[in-house]
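One structure below.
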There are 2 protein chains.
Amino acid sequence: MKIGSADIASLLRREINNGALASKDRLPSERILAEKYSVARGTVREALNQLAKDGLVEVRAGSGTYVTPLGEELINPVIESATPLELIDTRFALEPHICRLAVLHARKSDFDAAENLLGRMENCTSDPGAFSALDTAFHTLLAHSTRNQLLQWIVSQINSVRNQEQWLLMRQVILDEATIRQYNSQHRNILDAIRSRDPERAANLMKNHLEAARLSLTRAAET
Amino acid sequence: MKIGSADIASLLRREINNGALASKDRLPSERILAEKYSVARGTVREALNQLAKDGLVEVRAGSGTYVTPLGEELINPVIESATPLELIDTRFALEPHICRLAVLHARKSDFDAAENLLGRMENCTSDPGAFSALDTAFHTLLAHSTRNQLLQWIVSQINSVRNQEQWLLMRQVILDEATIRQYNSQHRNILDAIRSRDPERAANLMKNHLEAARLSLTRAAET
DNA sequence: TGAAATTAATCCAATTATATACCAAAAATC
DNA sequence: GATTTTTGGTATATAATTGGATTAATTTCA
(Lines give C-alpha, C1' and ligand atoms only; values in the text may rest on other atoms or scores of the structure.)
Protein backbone atom coordinates (compact mmCIF):
# COMPACT_ATOMS: atom_id res chain seq x y z
CA MET A 1 0.00 0.00 0.00
CA LYS A 2 1.15 3.46 -0.89
CA ILE A 3 1.32 6.00 1.88
CA GLY A 4 -0.89 9.01 1.20
CA SER A 5 -1.64 12.34 2.77
CA ALA A 6 -4.67 10.90 4.54
CA ASP A 7 -2.42 8.37 6.24
CA ILE A 8 0.05 11.00 7.41
CA ALA A 9 -2.84 13.10 8.67
CA SER A 10 -4.20 10.09 10.52
CA LEU A 11 -0.86 9.40 12.20
CA LEU A 12 -0.44 12.98 13.31
CA ARG A 13 -4.04 13.18 14.49
CA ARG A 14 -3.40 10.17 16.72
CA GLU A 15 -0.22 11.72 18.12
CA ILE A 16 -2.09 14.90 18.95
CA ASN A 17 -5.01 13.07 20.53
CA ASN A 18 -2.90 10.82 22.75
CA GLY A 19 -0.72 13.69 23.88
CA ALA A 20 2.51 12.70 22.15
CA LEU A 21 2.20 16.12 20.54
CA ALA A 22 0.96 18.49 23.18
CA SER A 23 -0.82 21.81 22.90
CA LYS A 24 1.37 24.55 21.38
CA ASP A 25 4.11 22.13 20.41
CA ARG A 26 5.89 22.82 17.15
CA LEU A 27 5.82 19.96 14.73
CA PRO A 28 8.97 18.95 12.87
CA SER A 29 9.43 20.88 9.65
CA GLU A 30 7.71 19.68 6.52
CA ARG A 31 11.01 18.54 5.08
CA ILE A 32 11.87 16.49 8.17
CA LEU A 33 8.42 14.92 8.29
CA ALA A 34 8.69 14.06 4.62
CA GLU A 35 11.95 12.25 5.23
CA LYS A 36 10.67 10.53 8.38
CA TYR A 37 7.71 9.04 6.56
CA SER A 38 9.54 8.62 3.26
CA VAL A 39 7.11 10.72 1.27
CA ALA A 40 7.39 13.86 -0.82
CA ARG A 41 7.08 17.20 0.89
CA GLY A 42 3.89 17.92 -1.03
CA THR A 43 2.25 14.95 0.61
CA VAL A 44 3.14 16.20 4.07
CA ARG A 45 1.82 19.62 3.15
CA GLU A 46 -1.48 18.15 2.05
CA ALA A 47 -1.74 16.23 5.32
CA LEU A 48 -1.03 19.36 7.36
CA ASN A 49 -3.64 21.27 5.39
CA GLN A 50 -6.22 18.68 6.31
CA LEU A 51 -5.35 19.00 9.99
CA ALA A 52 -5.39 22.79 9.71
CA LYS A 53 -8.86 22.65 8.16
CA ASP A 54 -10.05 20.83 11.26
CA GLY A 55 -8.33 23.40 13.43
CA LEU A 56 -5.94 20.86 14.95
CA VAL A 57 -2.80 22.69 13.89
CA GLU A 58 -1.78 26.18 12.84
CA VAL A 59 0.75 26.68 10.09
CA ARG A 60 2.81 29.86 10.20
CA ALA A 61 4.90 30.71 7.14
CA GLY A 62 8.59 30.92 7.88
CA SER A 63 8.08 29.74 11.43
CA GLY A 64 6.59 26.28 11.57
CA THR A 65 3.46 24.26 12.26
CA TYR A 66 2.04 24.27 15.75
CA VAL A 67 -0.57 22.25 17.59
CA THR A 68 -3.53 24.54 18.14
CA PRO A 69 -3.73 25.68 21.76
CA LEU A 70 -6.77 24.25 23.54
CA GLY A 71 -9.76 26.51 23.68
CA GLU A 72 -9.00 28.41 20.50
CA GLU A 73 -11.62 26.94 18.26
CA LEU A 74 -12.15 28.25 14.80
CA ILE A 75 -15.44 29.77 13.77
CA ASN A 76 -17.69 27.06 12.55
CA PRO A 77 -18.24 27.34 8.79
CA VAL A 78 -21.83 26.17 9.12
CA ILE A 79 -22.61 28.92 11.59
CA GLU A 80 -20.75 31.42 9.51
CA SER A 81 -22.84 30.73 6.43
CA ALA A 82 -26.22 30.50 8.13
CA THR A 83 -28.93 32.51 6.43
CA PRO A 84 -31.34 34.81 8.27
CA LEU A 85 -34.25 32.48 7.62
CA GLU A 86 -32.32 29.46 8.85
CA LEU A 87 -31.56 31.36 12.01
CA ILE A 88 -35.15 32.36 12.61
CA ASP A 89 -36.36 28.80 12.07
CA THR A 90 -33.79 27.56 14.53
CA ARG A 91 -34.79 30.09 17.13
CA PHE A 92 -38.39 29.09 16.49
CA ALA A 93 -37.42 25.58 17.47
CA LEU A 94 -35.45 26.52 20.54
CA GLU A 95 -36.78 29.60 22.24
CA PRO A 96 -40.41 28.73 22.97
CA HIS A 97 -39.26 25.63 24.80
CA ILE A 98 -36.54 27.62 26.50
CA CYS A 99 -39.34 29.77 27.91
CA ARG A 100 -41.09 26.68 29.28
CA LEU A 101 -37.88 25.51 30.94
CA ALA A 102 -37.21 28.99 32.28
CA VAL A 103 -40.61 28.87 33.99
CA LEU A 104 -39.41 25.78 35.81
CA HIS A 105 -35.90 26.89 36.69
CA ALA A 106 -35.61 30.69 36.71
CA ARG A 107 -34.55 32.30 39.99
CA LYS A 108 -35.14 35.70 41.45
CA SER A 109 -31.71 36.87 40.32
CA ASP A 110 -32.64 36.02 36.75
CA PHE A 111 -35.77 38.15 36.94
CA ASP A 112 -33.77 41.03 38.39
CA ALA A 113 -31.26 40.83 35.57
CA ALA A 114 -34.06 40.63 33.00
CA GLU A 115 -35.77 43.68 34.49
CA ASN A 116 -32.52 45.57 34.22
CA LEU A 117 -32.10 44.60 30.56
CA LEU A 118 -35.69 45.50 29.68
CA GLY A 119 -35.32 48.89 31.29
CA ARG A 120 -32.21 49.66 29.31
CA MET A 121 -33.78 48.42 26.09
CA GLU A 122 -36.69 50.78 26.54
CA ASN A 123 -34.21 53.66 26.41
CA CYS A 124 -32.84 52.50 23.09
CA THR A 125 -35.72 53.09 20.72
CA SER A 126 -33.51 55.16 18.46
CA ASP A 127 -30.27 53.21 18.79
CA PRO A 128 -30.51 49.94 16.84
CA GLY A 129 -26.94 48.91 17.70
CA ALA A 130 -27.40 49.22 21.45
CA PHE A 131 -30.84 47.64 21.30
CA SER A 132 -29.53 44.68 19.35
CA ALA A 133 -26.78 43.98 21.87
CA LEU A 134 -29.28 44.11 24.75
CA ASP A 135 -31.71 41.95 22.82
CA THR A 136 -29.05 39.28 22.42
CA ALA A 137 -28.32 39.54 26.13
CA PHE A 138 -31.99 39.11 26.97
CA HIS A 139 -32.35 35.94 24.93
CA THR A 140 -29.08 34.66 26.35
CA LEU A 141 -30.37 35.29 29.85
CA LEU A 142 -33.49 33.25 29.12
CA ALA A 143 -31.27 30.35 28.04
CA HIS A 144 -29.22 30.79 31.18
CA SER A 145 -32.39 30.62 33.26
CA THR A 146 -33.02 27.06 32.11
CA ARG A 147 -29.86 25.93 33.98
CA ASN A 148 -29.26 23.66 31.01
CA GLN A 149 -25.65 24.06 29.89
CA LEU A 150 -26.20 22.32 26.59
CA LEU A 151 -28.97 24.73 25.66
CA GLN A 152 -26.89 27.70 26.79
CA TRP A 153 -24.05 26.58 24.61
CA ILE A 154 -26.28 26.16 21.56
CA VAL A 155 -27.76 29.62 22.05
CA SER A 156 -24.29 31.12 22.42
CA GLN A 157 -23.27 29.48 19.16
CA ILE A 158 -26.32 30.88 17.44
CA ASN A 159 -25.68 34.32 18.84
CA SER A 160 -22.21 34.35 17.35
CA VAL A 161 -23.90 34.58 13.96
CA ARG A 162 -25.45 37.88 14.84
CA ASN A 163 -22.14 39.62 15.19
CA GLN A 164 -21.27 39.16 11.56
CA GLU A 165 -21.20 41.84 8.96
CA GLN A 166 -24.30 41.00 6.97
CA TRP A 167 -26.27 41.01 10.18
CA LEU A 168 -24.91 44.32 11.38
CA LEU A 169 -26.13 45.89 8.17
CA MET A 170 -29.51 44.20 8.30
CA ARG A 171 -30.36 45.45 11.77
CA GLN A 172 -30.11 49.03 10.55
CA VAL A 173 -32.82 48.29 8.00
CA ILE A 174 -35.10 46.31 10.27
CA LEU A 175 -34.90 48.08 13.59
CA ASP A 176 -36.86 51.26 13.14
CA GLU A 177 -38.37 52.90 16.18
CA ALA A 178 -41.81 51.31 15.88
CA THR A 179 -40.28 47.86 15.61
CA ILE A 180 -38.13 48.36 18.67
CA ARG A 181 -41.16 49.50 20.66
CA GLN A 182 -43.03 46.40 19.55
CA TYR A 183 -40.16 44.13 20.54
CA ASN A 184 -39.86 45.81 23.93
CA SER A 185 -43.51 45.22 24.67
CA GLN A 186 -43.22 41.60 23.60
CA HIS A 187 -40.15 41.06 25.75
CA ARG A 188 -41.97 42.41 28.77
CA ASN A 189 -44.97 40.18 28.18
CA ILE A 190 -42.71 37.14 27.90
CA LEU A 191 -40.96 37.99 31.14
CA ASP A 192 -44.28 38.48 32.91
CA ALA A 193 -45.51 35.10 31.72
CA ILE A 194 -42.39 33.39 32.98
CA ARG A 195 -42.60 35.21 36.28
CA SER A 196 -46.20 34.10 36.76
CA ARG A 197 -45.05 30.53 36.04
CA ASP A 198 -47.24 30.01 33.00
CA PRO A 199 -45.17 27.90 30.60
CA GLU A 200 -47.57 27.69 27.65
CA ARG A 201 -48.36 31.37 27.68
CA ALA A 202 -44.67 32.19 27.79
CA ALA A 203 -43.97 29.83 24.91
CA ASN A 204 -46.78 31.26 22.81
CA LEU A 205 -45.70 34.82 23.44
CA MET A 206 -42.20 33.88 22.33
CA LYS A 207 -43.65 32.37 19.16
CA ASN A 208 -45.46 35.61 18.48
CA HIS A 209 -42.27 37.54 19.07
CA LEU A 210 -40.32 35.38 16.63
CA GLU A 211 -43.16 35.61 14.11
CA ALA A 212 -42.84 39.37 14.27
CA ALA A 213 -39.10 39.07 13.76
CA ARG A 214 -39.61 36.84 10.74
CA LEU A 215 -42.07 39.34 9.29
CA SER A 216 -39.58 42.19 9.69
CA LEU A 217 -37.02 40.05 7.99
CA THR A 218 -39.09 39.13 4.96
CA ARG A 219 -40.23 42.73 4.61
CA ALA A 220 -36.61 43.84 4.67
CA ALA A 221 -35.66 41.21 2.11
CA GLU A 222 -38.23 42.60 -0.32
CA THR A 223 -36.75 46.05 -0.33
CA MET B 1 -17.13 -22.39 3.40
CA LYS B 2 -16.04 -19.68 1.10
CA ILE B 3 -15.38 -16.10 2.17
CA GLY B 4 -17.96 -13.75 0.66
CA SER B 5 -18.49 -10.04 0.38
CA ALA B 6 -20.76 -10.04 3.43
CA ASP B 7 -17.94 -11.46 5.53
CA ILE B 8 -15.48 -8.83 4.37
CA ALA B 9 -18.04 -6.13 5.09
CA SER B 10 -18.59 -7.54 8.55
CA LEU B 11 -14.86 -7.61 9.31
CA LEU B 12 -14.39 -4.03 8.20
CA ARG B 13 -17.47 -2.92 10.09
CA ARG B 14 -15.94 -4.33 13.25
CA GLU B 15 -12.64 -2.55 12.68
CA ILE B 16 -14.44 0.73 12.24
CA ASN B 17 -16.59 0.26 15.33
CA ASN B 18 -13.75 -0.66 17.67
CA GLY B 19 -11.62 2.23 16.51
CA ALA B 20 -8.94 0.28 14.68
CA LEU B 21 -10.04 2.35 11.72
CA ALA B 22 -10.72 5.87 12.93
CA SER B 23 -12.76 8.67 11.46
CA LYS B 24 -11.31 9.94 8.17
CA ASP B 25 -8.79 7.12 7.96
CA ARG B 26 -8.12 5.75 4.51
CA LEU B 27 -8.70 2.05 4.07
CA PRO B 28 -6.14 -0.01 2.21
CA SER B 29 -6.78 -0.06 -1.52
CA GLU B 30 -9.19 -2.59 -2.97
CA ARG B 31 -6.29 -4.52 -4.46
CA ILE B 32 -4.48 -4.75 -1.12
CA LEU B 33 -7.63 -5.77 0.74
CA ALA B 34 -8.28 -8.44 -1.88
CA GLU B 35 -4.84 -9.89 -1.31
CA LYS B 36 -5.10 -9.62 2.49
CA TYR B 37 -8.33 -11.61 2.60
CA SER B 38 -7.43 -13.84 -0.36
CA VAL B 39 -10.44 -12.88 -2.40
CA ALA B 40 -10.96 -11.25 -5.77
CA ARG B 41 -11.09 -7.51 -6.06
CA GLY B 42 -14.71 -7.67 -7.16
CA THR B 43 -15.65 -9.21 -3.83
CA VAL B 44 -13.92 -6.46 -1.90
CA ARG B 45 -15.70 -3.94 -4.09
CA GLU B 46 -19.05 -5.48 -3.28
CA ALA B 47 -18.23 -5.36 0.45
CA LEU B 48 -17.20 -1.72 0.26
CA ASN B 49 -20.39 -0.87 -1.61
CA GLN B 50 -22.40 -2.34 1.24
CA LEU B 51 -20.51 -0.26 3.78
CA ALA B 52 -20.91 2.81 1.62
CA LYS B 53 -24.66 2.22 1.37
CA ASP B 54 -24.76 2.21 5.18
CA GLY B 55 -22.79 5.44 5.20
CA LEU B 56 -19.85 3.94 7.07
CA VAL B 57 -17.31 4.71 4.39
CA GLU B 58 -16.94 7.10 1.49
CA VAL B 59 -15.49 5.83 -1.77
CA ARG B 60 -13.63 8.39 -3.86
CA ALA B 61 -12.57 7.38 -7.36
CA GLY B 62 -8.85 7.69 -7.97
CA SER B 63 -8.23 8.48 -4.33
CA GLY B 64 -9.32 5.73 -1.97
CA THR B 65 -11.96 4.64 0.50
CA TYR B 66 -12.29 6.63 3.69
CA VAL B 67 -14.06 6.12 6.99
CA THR B 68 -16.93 8.58 7.06
CA PRO B 69 -16.17 11.33 9.53
CA LEU B 70 -18.94 11.44 12.13
CA GLY B 71 -19.34 14.61 14.06
CA GLU B 72 -16.49 16.83 14.96
CA GLU B 73 -12.88 16.03 15.60
CA LEU B 74 -12.75 18.12 18.72
CA ILE B 75 -15.44 17.12 21.15
CA ASN B 76 -16.72 20.26 22.76
CA PRO B 77 -16.25 20.21 26.52
CA VAL B 78 -19.81 21.42 27.05
CA ILE B 79 -21.14 18.62 24.94
CA GLU B 80 -18.85 16.16 26.61
CA SER B 81 -20.22 16.91 30.03
CA ALA B 82 -23.87 17.13 29.08
CA THR B 83 -26.14 15.10 31.32
CA PRO B 84 -28.84 12.79 29.99
CA LEU B 85 -31.59 15.07 31.25
CA GLU B 86 -30.02 18.14 29.66
CA LEU B 87 -29.89 16.26 26.40
CA ILE B 88 -33.53 15.20 26.57
CA ASP B 89 -34.64 18.76 27.37
CA THR B 90 -32.65 20.04 24.43
CA ARG B 91 -34.15 17.47 22.11
CA PHE B 92 -37.55 18.45 23.50
CA ALA B 93 -36.87 21.95 22.33
CA LEU B 94 -35.58 21.04 18.91
CA GLU B 95 -37.20 17.96 17.53
CA PRO B 96 -40.90 18.77 17.59
CA HIS B 97 -40.22 21.89 15.56
CA ILE B 98 -37.89 19.94 13.31
CA CYS B 99 -40.90 17.77 12.53
CA ARG B 100 -42.94 20.82 11.59
CA LEU B 101 -40.19 22.04 9.29
CA ALA B 102 -39.77 18.57 7.82
CA VAL B 103 -43.45 18.64 6.87
CA LEU B 104 -42.71 21.74 4.85
CA HIS B 105 -39.46 20.66 3.21
CA ALA B 106 -39.14 16.88 3.11
CA ARG B 107 -38.76 15.33 -0.34
CA LYS B 108 -39.61 11.91 -1.66
CA SER B 109 -36.01 10.79 -1.30
CA ASP B 110 -36.18 11.61 2.41
CA PHE B 111 -39.25 9.43 2.85
CA ASP B 112 -37.55 6.60 0.98
CA ALA B 113 -34.50 6.83 3.19
CA ALA B 114 -36.68 6.98 6.30
CA GLU B 115 -38.63 3.91 5.19
CA ASN B 116 -35.35 2.10 4.73
CA LEU B 117 -34.20 3.03 8.23
CA LEU B 118 -37.51 2.07 9.85
CA GLY B 119 -37.43 -1.31 8.14
CA ARG B 120 -33.96 -2.00 9.41
CA MET B 121 -34.83 -0.81 12.90
CA GLU B 122 -37.73 -3.23 13.04
CA ASN B 123 -35.23 -6.05 12.61
CA CYS B 124 -33.17 -4.90 15.58
CA THR B 125 -35.49 -5.58 18.51
CA SER B 126 -32.81 -7.66 20.20
CA ASP B 127 -29.74 -5.64 19.21
CA PRO B 128 -29.61 -2.38 21.19
CA GLY B 129 -26.35 -1.30 19.58
CA ALA B 130 -27.61 -1.59 16.03
CA PHE B 131 -30.95 -0.03 16.98
CA SER B 132 -29.27 2.91 18.62
CA ALA B 133 -27.16 3.66 15.55
CA LEU B 134 -30.21 3.54 13.30
CA ASP B 135 -32.21 5.64 15.75
CA THR B 136 -29.56 8.34 15.59
CA ALA B 137 -29.64 8.10 11.80
CA PHE B 138 -33.42 8.51 11.81
CA HIS B 139 -33.38 11.67 13.89
CA THR B 140 -30.49 13.00 11.82
CA LEU B 141 -32.50 12.36 8.67
CA LEU B 142 -35.41 14.37 10.06
CA ALA B 143 -33.06 17.27 10.66
CA HIS B 144 -31.71 16.87 7.14
CA SER B 145 -35.27 17.00 5.79
CA THR B 146 -35.68 20.54 7.08
CA ARG B 147 -33.00 21.72 4.60
CA ASN B 148 -31.79 23.97 7.39
CA GLN B 149 -28.05 23.60 7.71
CA LEU B 150 -27.90 25.31 11.06
CA LEU B 151 -30.37 22.87 12.56
CA GLN B 152 -28.57 19.95 10.99
CA TRP B 153 -25.34 21.09 12.55
CA ILE B 154 -26.89 21.46 16.00
CA VAL B 155 -28.38 17.98 15.79
CA SER B 156 -25.04 16.55 14.70
CA GLN B 157 -23.40 18.16 17.71
CA ILE B 158 -26.01 16.69 20.01
CA ASN B 159 -25.61 13.28 18.45
CA SER B 160 -21.91 13.28 19.16
CA VAL B 161 -22.81 12.97 22.81
CA ARG B 162 -24.44 9.65 22.20
CA ASN B 163 -21.22 8.02 21.10
CA GLN B 164 -19.62 8.49 24.47
CA GLU B 165 -18.95 5.80 26.99
CA GLN B 166 -21.57 6.56 29.61
CA TRP B 167 -24.20 6.53 26.89
CA LEU B 168 -23.05 3.28 25.39
CA LEU B 169 -23.51 1.64 28.79
CA MET B 170 -26.84 3.29 29.41
CA ARG B 171 -28.37 2.09 26.20
CA GLN B 172 -27.88 -1.51 27.28
CA VAL B 173 -29.99 -0.82 30.37
CA ILE B 174 -32.72 1.14 28.65
CA LEU B 175 -33.23 -0.59 25.37
CA ASP B 176 -35.00 -3.80 26.19
CA GLU B 177 -37.11 -5.46 23.54
CA ALA B 178 -40.40 -3.91 24.58
CA THR B 179 -38.91 -0.42 24.56
CA ILE B 180 -37.46 -0.89 21.11
CA ARG B 181 -40.84 -2.04 19.82
CA GLN B 182 -42.47 1.03 21.33
CA TYR B 183 -39.91 3.35 19.77
CA ASN B 184 -40.31 1.68 16.38
CA SER B 185 -44.04 2.22 16.45
CA GLN B 186 -43.58 5.85 17.48
CA HIS B 187 -41.07 6.44 14.72
CA ARG B 188 -43.48 5.06 12.16
CA ASN B 189 -46.31 7.27 13.39
CA ILE B 190 -44.09 10.32 13.20
CA LEU B 191 -43.06 9.51 9.66
CA ASP B 192 -46.70 8.98 8.65
CA ALA B 193 -47.67 12.33 10.09
CA ILE B 194 -44.92 14.09 8.21
CA ARG B 195 -45.83 12.29 5.01
CA SER B 196 -49.46 13.36 5.34
CA ARG B 197 -48.22 16.92 5.82
CA ASP B 198 -49.72 17.39 9.26
CA PRO B 199 -47.20 19.54 11.16
CA GLU B 200 -48.91 19.72 14.56
CA ARG B 201 -49.65 16.01 14.66
CA ALA B 202 -46.04 15.25 13.77
CA ALA B 203 -44.78 17.63 16.46
CA ASN B 204 -47.07 16.15 19.10
CA LEU B 205 -46.08 12.59 18.23
CA MET B 206 -42.46 13.60 18.58
CA LYS B 207 -43.21 15.08 22.00
CA ASN B 208 -44.78 11.78 23.02
CA HIS B 209 -41.75 9.94 21.74
CA LEU B 210 -39.37 12.10 23.73
CA GLU B 211 -41.60 11.83 26.80
CA ALA B 212 -41.25 8.06 26.54
CA ALA B 213 -37.50 8.42 26.22
CA ARG B 214 -37.39 10.62 29.30
CA LEU B 215 -39.42 8.07 31.23
CA SER B 216 -37.05 5.27 30.26
CA LEU B 217 -34.20 7.42 31.39
CA THR B 218 -35.57 8.32 34.81
CA ARG B 219 -36.56 4.68 35.38
CA ALA B 220 -33.03 3.61 34.51
CA ALA B 221 -31.57 6.24 36.82
CA GLU B 222 -33.50 4.81 39.75
CA THR B 223 -31.98 1.35 39.41
C1' DT C 1 -29.37 -28.49 -12.97
C1' DG C 2 -29.47 -23.57 -12.79
C1' DA C 3 -29.17 -19.11 -10.78
C1' DA C 4 -26.06 -16.41 -8.14
C1' DA C 5 -21.74 -15.30 -6.50
C1' DT C 6 -16.76 -15.28 -7.08
C1' DT C 7 -12.71 -15.09 -9.80
C1' DA C 8 -9.33 -13.24 -12.90
C1' DA C 9 -7.84 -10.32 -16.41
C1' DT C 10 -8.19 -6.13 -18.79
C1' DC C 11 -8.53 -1.11 -19.83
C1' DC C 12 -10.00 3.52 -18.39
C1' DA C 13 -10.29 7.94 -16.01
C1' DA C 14 -9.72 10.45 -11.87
C1' DT C 15 -6.75 11.60 -8.29
C1' DT C 16 -2.68 11.78 -5.86
C1' DA C 17 2.34 11.52 -5.11
C1' DT C 18 7.01 12.63 -6.71
C1' DA C 19 10.81 15.43 -7.68
C1' DT C 20 12.56 19.79 -8.41
C1' DA C 21 13.17 24.50 -8.42
C1' DC C 22 12.47 29.04 -6.73
C1' DC C 23 10.18 32.61 -3.62
C1' DA C 24 9.12 35.05 0.76
C1' DA C 25 8.70 35.28 5.63
C1' DA C 26 10.62 34.34 9.97
C1' DA C 27 14.40 33.01 12.95
C1' DA C 28 19.07 32.36 14.08
C1' DT C 29 23.66 33.82 13.80
C1' DC C 30 27.39 36.76 13.66
C1' DG D 1 21.95 45.65 12.40
C1' DA D 2 23.21 42.77 8.49
C1' DT D 3 23.65 38.12 6.82
C1' DT D 4 22.77 33.35 6.68
C1' DT D 5 19.75 29.58 7.58
C1' DT D 6 15.43 27.58 8.16
C1' DT D 7 10.64 27.52 7.39
C1' DG D 8 6.40 27.45 4.82
C1' DG D 9 4.20 28.93 -0.10
C1' DT D 10 3.91 28.06 -4.92
C1' DA D 11 4.37 25.98 -9.40
C1' DT D 12 4.88 22.12 -12.69
C1' DA D 13 5.77 18.14 -15.49
C1' DT D 14 5.91 13.24 -14.68
C1' DA D 15 4.92 8.89 -12.67
C1' DA D 16 2.27 5.94 -9.79
C1' DT D 17 -1.93 4.56 -7.59
C1' DT D 18 -6.79 4.18 -7.07
C1' DG D 19 -11.59 3.19 -7.93
C1' DG D 20 -14.88 2.29 -12.11
C1' DA D 21 -16.35 -0.82 -15.46
C1' DT D 22 -16.55 -4.81 -18.47
C1' DT D 23 -16.04 -9.53 -19.70
C1' DA D 24 -15.72 -14.56 -19.56
C1' DA D 25 -14.57 -18.57 -17.00
C1' DT D 26 -15.28 -20.79 -12.63
C1' DT D 27 -17.23 -22.05 -8.30
C1' DT D 28 -20.91 -22.37 -4.96
C1' DC D 29 -25.03 -23.92 -3.22
C1' DA D 30 -30.00 -24.36 -3.14
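This one's a predicted model, so the numbers in the text were calculated from it and none came from an experiment. Below, chain A is the first sequence line, B the second, and so on; all start at residue 1.
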So does [X] get a side-chain nitrogen or oxygen closer than 4.0 Å to the phosphate oxygens (OP1/OP2) of [N]?
X	N	value
B:Ser29	D:dT18	yes
B:Thr65	D:dT18	no
A:Thr43	C:dT16	no

May I have the list of side-chain donor-acceptor pairs in residues 203-213 of chain B shorter than 3.5 Å, sequence neighbours left out?
unit_1, atom_1, unit_2, atom_2, d
B:Asn204, ND2, B:Glu200, O, 3.2
B:His209, ND1, B:Gln186, OE1, 2.7
B:His209, NE2, B:His187, NE2, 3.1

If you check every side-chain atom of [X], which of [options] has the closest atom?
X	options	result
B:Val39	C:dT7, C:dT18, D:dA21	C:dT7
A:Arg31	C:dT18, D:dG8, D:dG19	D:dG8
A:Glu30	D:dG9, D:dG19, C:dA8	D:dG9

Partners of A:Ser29 by side chain to side chain contact (heavy atoms under 4.5 Å, CB included), sequence neighbours excluded?
-> A:Arg31, A:Ile32
Got a sec, which residues hit side chain to side chain contact (heavy atoms under 4.5 Å, CB included) with A:Ser63, two or more places apart in sequence or on another chain?
-> A:Arg60, A:Tyr66
In B/S/- notation (B base, S sugar-phosphate only, - none; protein heavy atoms under 4.0 Å), nucleotides 25-30 of chain C written 5' to 3' is BSS---
Report, one pair per line, the protein and nucleotides 23-25 of chain D atoms (nitrogen or oxygen only) whose separation is under 3.5 Å.
none

With distance as the sole criterion, do the side chain of A:Arg45 and the base of D:dG8 form a donor-acceptor contact below 3.5 Å?
-> no
Rounded distance [0.5 Å steps], CD1 in A:Ile88 versus OG in A:Ser216 = 8.5 Å
Mind checking the CG-SG spacing from B:Leu104 to B:Cys99? Nearest 0.5 Å is all I need.
-> 11.5 Å
Net bend of the helix from C:dT1-D:dA30 to C:dC30-D:dG1, end axes of five pairs each, nearest 10 degrees | 60°
